[in-house]
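Here's the structure we're looking at; comments come further down.
Basis for what follows: all heavy atoms, side chains included, without hydrogens, waters or symmetry-related copies. In what follows, chains carry the letters A, B, and so on, assigned in the order in which the sequence lines appear, proteins first and then strands, with residues in each chain numbered from 1.
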Amino acid sequence: MDILVILQAGVGTGTVLLFATLGEILAERSGVMNLGVEGMMLIGAMSGYSVAIKTGNPWLGVIVAMIAAGLLSQIHAFIAITLHADQVVSGLALTFLGIGISLVLGDGLSKAGTVALLPSASIPLLEKIPILGKVFFSNQSILVYIGYLFIPIAWYFINYTRPGMHLRAVGEYPAAADALGINVFRMRYLYVFVGGVLAGLAGVTISLAIAPGWFSEMTTSGQGWIAVGLVIFAQWDPLRAAVGSYTFGALRRLILDIQGPTMLFGFDNPFYYNPYWGFFLQMLPYAFTIVVLVIGSRDAMRKRLGAPAALGIPYIRGERGK
Amino acid sequence: MSESAPVSVPKRSRRFPYRFHLEPRLKEPPAWYPAAVSVGAILVALVIGGLVIAFAGGNPFASYAHIAKASFGSIGVLSDTLVKATPILLTSLACSIAFRMKLWNIGAEGQFIMGAFGASAVVLIPLFPPETSAWIVIPTMMLVGMLFGALWGMIPGLLKAKLKVNEIISSLMMNYIAVSWINYWIFAVWTEGGFQMSKVFPDYAWLPRLLDYAEQIPFLRGLTTHAGLLLGIVAAVILWLVIYRSRWGYEIRLIGDNAQAAEYAGINITRNTVLVLVVSGALAGLGGMSEVAGTVHRLQTSPIAAGYGFTGIIVAWLAKLNPLVAILVSILFGALLLAGREIQPSGIPKMIQGIILVCLIGSDFLMRYRLRIERIAEEA
């Protein structure tokens, strides 16, 4: 069990969470909470995998996955933004819908045969950096590198660009944004769509790169929900989201790999000799999500930071106090 | 002057001749209206579901006809429908009380699983010597099942009340932990000859079923409906009384409608958060106990962790959080799940559930707003 190998694989696994978390951050920054990440990821994973099998072109799969999940997200956008429904329930409904549709349309996909996967690559020069080069820049999927690019872009976009400022305004004080001539409704639709697109990308990152294949609901196994939790831990900040995502990725890998070797740090490996303890290991990502939520909410209380002020509240023009 | 005026008359006449107005409802809608909207939403959902089935290469009419026939077609399948409805009813009650306080307990699934675990533990440890009277064993199983469910609900409750941790995600995470937990016990401790299930419970740990009385009443032969349904109906009635007729229920509803007003009125939100999630967990746990003692008769992952907790969310919502209405809706969803077992592709019932929930939430808006359609005058 080589720590570097685990970290290297963990970055790959964490990229899935990274895309989903960044997408949810953008949607929530605009004031719309979308709990349907898990469903959108499954739609992305299923449609991307299916298209890649039919056409033999994984990139086409990526594009279709992003569009499909983006379209699904618009159902939530319509219900939450236009119909002013409760965003929690609507997001839940979207999860059920996404799971159901991907199960129906993905029926038989698990036995569909081999598929062309997204390529992996190493970055010359950067790859030679000790430790970091091996972990981050050696033999990773192309999508992992795209993930690296997304982190600073999202951070800069939200904090330092004009549209990013508009985005925050819409999420914090939509009435003021409206008065400034920003179209609150259009912005919210747009960022829910972006969130869906990124969730779709997260899904297809699983099915065509990180853990290739279609295993119905087990394809995502709750990672969409973990992403929703990470948003709170990240305090709606892309940089913290990256830290959280890669940490979770490494944890998931560690759990898979820790049961392999007979010796661990010079002792008999208890997880090798008691294979059933693996079930307790499997609990860890979920238990850790709860821990991370506790950390996130403590930070929020201490720093008086928190969710975008208008998160979860539908904007109704002309209504007082909104 | 008249020459410079834009000549837009022909263009305007081709416009869509109606205009839609949304107006908030000022008056309470008539009594039949909510039910009509819900039924309409379900019909729309079935049409959309049919379209997706057709898109996936299936025959929607055959699928729906099959669902109807396979769930209500005879007294036998009707009994099976009721068996399926029982766990859904109890989980939907669990969701109803939590949702009423706007506590989003998505963890009924995990609480259900832990209830099944607790009830099974009573039999498998075993807590009682063999051939103990069912009158002792069954109530103990109920109690321990509810206790474990309550514990599983209390954890997100405490986290929410004390640390302001989002209960949606924490309760959902508890679901995954519950599955791993019972998997450990099934694989490592209570495995039946290496299979992934415990041994079958002795008969004094079975809830009575209709077919047990077939000797006296031959009509009941083969009917597997068990006493869990009775538990569910009693629980529904009690819960209805609690929510609508008790002081505590009033507090819960007030917090749900306006937490700030409730706080000013001196209602302890922290305590009620924990309490409601404990009761919610206990109800789901009772569901798990009823399923394991009434239907499965052994601890096994796949029939226990079958998503009843999630279906319960939809049923609770469809029943507008009314425990008595939940009885009826549970039966309908029991039918959907029962028939769904044989339909291909197997995801169809799940998908239809999802579409129904989406349509319901969308239609909710018709409760609060009035859609007025107005013909645009020919020339304004």
Answer with yes or no whether the side chains of [Y] and [X] bring together a donor and an acceptor at under 3.5 Å.
X        : Y        : value
B:Thr311 : B:Gln353 : yes
A:Ser221 : A:Arg252 : yes
A:Glu28  : A:Trp236 : yes
A:Thr220 : A:Glu38  : yes

Does any heavy atom of chain B fall under 4.5 Å from the side chain of [X], the backbone, both, or neither of them?
X        : result
A:Thr289 : side chain
A:Leu83  : both
A:Phe280 : side chain
A:Val88  : side chain
A:Leu281 : neither
A:Ile101 : both

Could you tell me which portion of [X] (side chain, backbone, both or neither) has an atom closer than 4.5 angstrom to a non-hydrogen atom of chain A?
X        : value
B:Leu159 : side chain
B:Leu360 : neither
B:Ile106 : side chain
B:Ile314 : side chain
B:Leu172 : side chain

Can you list the steps and then say if A:Asn34 with A:Glu24 is a side-chain contact (heavy atoms from CB on, under 4.5 Å)? CA-CA 7 Å; A:Asn34 187 351; A:Glu24 183 66 10; 3.8 Å; yes
Among residues 173-184 of chain B, which residues come closer than 4.5 Å to chain A, judged by heavy atom distances? B:Met173, B:Met174, B:Tyr176, B:Ile177, B:Ser180, B:Trp181, B:Asn183, B:Tyr184
Go through B:Phe333 and B:Val329 one step at a time and tell me if the side-chain contact (heavy atoms from CB on, under 4.5 Å) criterion holds. CA-CA 6 Å; B:Phe333 274 73; B:Val329 180; 3.8 Å; yes
Taking only residues two or more places apart in sequence, or in another chain, which ones meet A:Asp86 in a salt bridge (charged side-chain N to carboxylate O under 4.0 Å, His left out)? none
Any Lys/Arg nitrogen of B:Lys350 or A:Glu217 sitting under 4.0 Å from an Asp/Glu carboxylate oxygen of the other? yes
Please state whether the rings of A:Tyr276 and B:Phe187 are parallel, tilted or perpendicular, taking 30° and 60° as the class boundaries. tilted
Taking the six-membered ring for Trp, is the centroid-to-centroid distance between B:Phe117 and B:Trp152 below 6.0 Å? no
Can you spot which of A:Leu42, A:Ile67, A:Ile43 makes a side chain to side chain contact (heavy atoms under 4.5 Å, CB included) with A:Leu72? A:Ile43
Pairs of heavy atoms under 4.5 Å with chain B: top-ranked of [options]:
options                               : value
A:Ser216, A:Gly106, A:Ala93           : A:Ala93
A:Trp277, A:Trp225, A:Phe96, A:Tyr286 : A:Tyr286
A:Leu92, A:Val89, A:Ile290, A:Thr82   : A:Val89

To the closest 0.5 Å, what do you measure between CE (A:Met40) and OG (A:Ser102)? 12.5 Å
Taking everything shown except B:Lys164 itself, do over 12 heavy atoms lie less than 6.0 Å from its NZ? no
